[in-house]
Amino acid sequence: MIISSPGDYREAARRKLPPFLFHYIDGGAYAEQTLKRNVEDYQAIALRQRVLQDMTSLSLETKLFDETLRLPVVLAPVGLTGMYARRGEVQAARAAASRGVPFTLSTVSVCPIEEVASAIDRPMWFQLYVLRDRGFMKNALERARAAGVKTLVFTVDMPTPGARYRDAHSGMSGPNAALRRMVQAMTHPMWAYDVGLRGVPHDLGNVSRYLGKPTGLADYIGWLGANFDPSISWKDLQWIRDFWDGPMIIKGILDPQDARDAVSFGADGIVVSNHGGRQLDGVLSSARALPAIADAVKGDIRILADSGVRNGLDVVRAIALGADAVMLGRAFVYALAANGQAGVENLLDLFEKEMRVAMTLTGAKSIAGITRDLIA
Ligand code: FNR
């Protein structure tokens, strides 16, 4: 099919992926209201058109921690990315690096930290979940540091997985064992994917540990629920802060008070996020949560935002609402599933083009020039 806009990749991914994988990516929690509003609330933001501003010099570059980003975009951590395309984490990381933006490896990746980190020539970011097994977490952090990771994304909005009914219908969660069937299929020589299940020490431990326990295979989401730690609180984060000397970003902030607590705790950044509408349905969309959070902490901490960003225009809108940069979840995953590394590269090019048009017609010459003033 012809791809002319970032949105086209969703349909391309739907045609390519087995249905239970497509719905795992595409779906959200409960009635998917927050998922829907994430997208609609960005779309509803009207920008002020400004003309005759001499826009010959236009820069999309931004600094985040010690890194220069060609555009204010980071690929979000997405679990099981290596199942949407062959060695998907490596392909996505290479695409991000070639377009000058960071890639974040999820805790529940298929490819191991070392493989992805060594495939690219810029430092990747690493995302950690709070698991009951702190020894596992420490080991993951040690491996990430040894592999050259500087920036840690610590996801705090999953003390328990949200109720994702599409996964129950598709067999991704529950007793239907779709994942076990998928793994069996992938180990078959005819299967197109290569997730390194034969002897390659894929993943940092949790997916492989999970795969190593055949009984656990019956229910991926159930496994998440059993291994994630609901007791987590700010004081538990201190040992990670003590251990990790690079930038630490808290992902899953939706409330100004939590944002202030992240500043007091000494975090370097936050991601304003409702996990793409996959956790608590009915919470504020990212577009609606952002302004109050920016009012509370802008300048004290770097603000990233995700959930509902689907095109370059949405990036400009999120920055106008107070973000310093955005993370892309589904947008890049659809492109990866549809066309691998080339798909993600093209997606990032499309985002850049759309941002350029939006900035030119709002008179914003730089990322710093995208302020709330741009909103009509
Ligand atoms: C996610 N997300 C996520 N977040 C995280 O911190 N660790 C993870 O392993 C995952 N896994 C994951 C899988 C899938 C299939 C999706 C769609 C999302 C959340 C992700 O990082 C990001 O917050 C959202 O995807 C942002 O919303 P959009 O851009 O998808 O609307």
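Worth saying up front: this structure is predicted, and the values here are computed from it rather than measured. Order of appearance sets the numbers: ligands from 1, and atoms from 1 within every ligand.
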Item to complete: Please examine the side chains of Thr362 and Gln53, heavy atoms only from C-beta on, and report whether any two atoms are closer than 4.5 Å.
Response: no
Worksheet item: Do you reckon Val78 sits in the same ILVMFWY cluster as Leu80, going by side-chain contacts under 4.5 Å, direct or chained?
Response: yes
Practice prompt. Check Val78 against ligand 1 and report side chain, backbone, both or neither, counting heavy atoms closer than 4.0 Å.
Written response: both
Worksheet item: Which residue owns the protein heavy atom closest to atom 15 (C) of ligand 1, what's the atom, and how far is it?
Response: Arg278 NH2, 3.4 Å
Response to the item:
To atom 4 (N) of ligand 1, the nearest of Arg164, Met327, Lys251 on a heavy-atom basis is Lys251
Response to the item:
With heavy atoms and a 4.0 Å threshold, my read on which part of Arg330 contacts ligand 1 is both
Item to complete: Could you find the nearest protein heavy atom to atom 23 (O) of ligand 1 and give me its residue, atom name and distance?
Response: Asp306 OD2, 2.6 Å
Discussion item. Ring-plane angle category for Trp234 and Phe265, please: parallel below 30°, perpendicular beyond 60°, tilted otherwise.
Written reply: tilted
Discussion item. Any nitrogen or oxygen of Tyr24, side chain or backbone, less than 3.5 Å from one on ligand 1?
Written reply: no
Practice prompt. Identify the protein heavy atom lying closest to atom 6 (O) of ligand 1, giving its residue, its atom name and the separation to 0.1 Å.
Written response: Thr155 OG1, 2.7 Å
Worksheet item: Can you say whether the rings of Tyr84 and Tyr24 are parallel (under 30°), tilted (30 to 60°) or perpendicular (over 60°)?
Response: tilted
Discussion item. As a check for students: among Gly28, Ser286, Ala331, Gly329, identify the option with a heavy atom nearest to atom 29 (O) of ligand 1.
Written reply: Gly329
Worksheet item: Looking only at non-hydrogen atoms, which of Gly79, Ala305, Pro77 approaches atom 21 (O) of ligand 1 most closely?
Response: Pro77
Worksheet item: Short list, please: which atoms of ligand 1 are under 4.0 Å from a heavy atom of Ala76?
Response: 21 (O)
Discussion item. Rounded to the nearest 0.5 Å, what separates atom CZ in Phe154 from atom CG in Asp236?
Written reply: 8.0 Å
Item to complete: Please confirm whether Tyr84 comes within less than 3.5 Å of ligand 1 when only nitrogen or oxygen atoms on both sides are compared.
Response: no
Item to complete: Identify the protein heavy atom lying closest to atom 8 (C) of ligand 1, giving its residue, its atom name and the separation to 0.1 Å.
Response: Tyr129 OH, 3.0 Å
Practice prompt. Just jot down the ligand 1 atoms closer than 4.0 angstrom to any heavy atom of Gly276, in number order.
Written response: 24 (C), 26 (C), 27 (O)
Worksheet item: Would a hydrophobic clustering, with Ile, Leu, Val, Met, Phe, Trp and Tyr connected at side-chain separations under 4.5 Å, put Leu69 with Met355?
Response: no
Worksheet entry | ligand 1 N/O within reach of Ile25 N/O, cut-off under 3.5 Å | no
Discussion item. Using a 4.0 Å cutoff against the non-hydrogen atoms of Arg310, which atoms of ligand 1 qualify?
Written reply: 28 (P), 29 (O), 31 (O)
Discussion item. For residues Tyr334 and Met83: do they belong to one hydrophobic cluster (side chain heavy atoms under 4.5 Å, members Ile, Leu, Val, Met, Phe, Trp, Tyr)?
Written reply: yes
Fill in: Lys/Arg-Asp/Glu bridge criterion (N-O < 4.0 Å) met for Asp26, Arg166
yes
Worksheet entry | Atoms in ligand 1 with a heavy atom of Ser106 nearer than 4.0 Å | 8 (C), 9 (O)
Worksheet item: Should you measure from each heavy atom of Val108, which atoms of ligand 1 turn up under 4.0 Å away?
Response: 9 (O)
Worksheet entry | Proximal ligand 1 atoms for Gln127, defined as those under 4.0 Å from one of its heavy atoms | 5 (C), 6 (O), 7 (N), 8 (C), 9 (O)
Fill in: Contact check: Thr107 vs ligand 1, nitrogen or oxygen atoms, below 3.5 angstrom
no
Worksheet item: Can you tell which part of Met158 has a heavy atom less than 4.0 Å from ligand 1: side chain, backbone, both or neither?
Response: neither
Worksheet item: Above 12 or not: heavy atoms from other molecules or residues under 6.0 Å from CZ of Arg288?
Response: no
Discussion item. Tell me if a side-chain donor or acceptor on Thr34 pairs with a main-chain N or O of Val283 at a distance below 3.5 Å.
Written reply: yes
Worksheet entry | Aromatic Phe243 / basic Arg145 pairing, under 6.0 angstrom, 45° off normal | yes
Discussion item. Any heavy-atom pair between the side chains of Arg87 and Val116 that's under 4.5 Å?
Written reply: no
Item to complete: Check whether any side-chain heavy atom of Val153 lies under 4.5 Å from a side-chain heavy atom of Phe126, and answer yes or no.
Response: no
Worksheet, complete the sentence: Quick note on ligand 1: atoms under 4.0 Å from a heavy atom of Ser273 include exactly 23 (O)
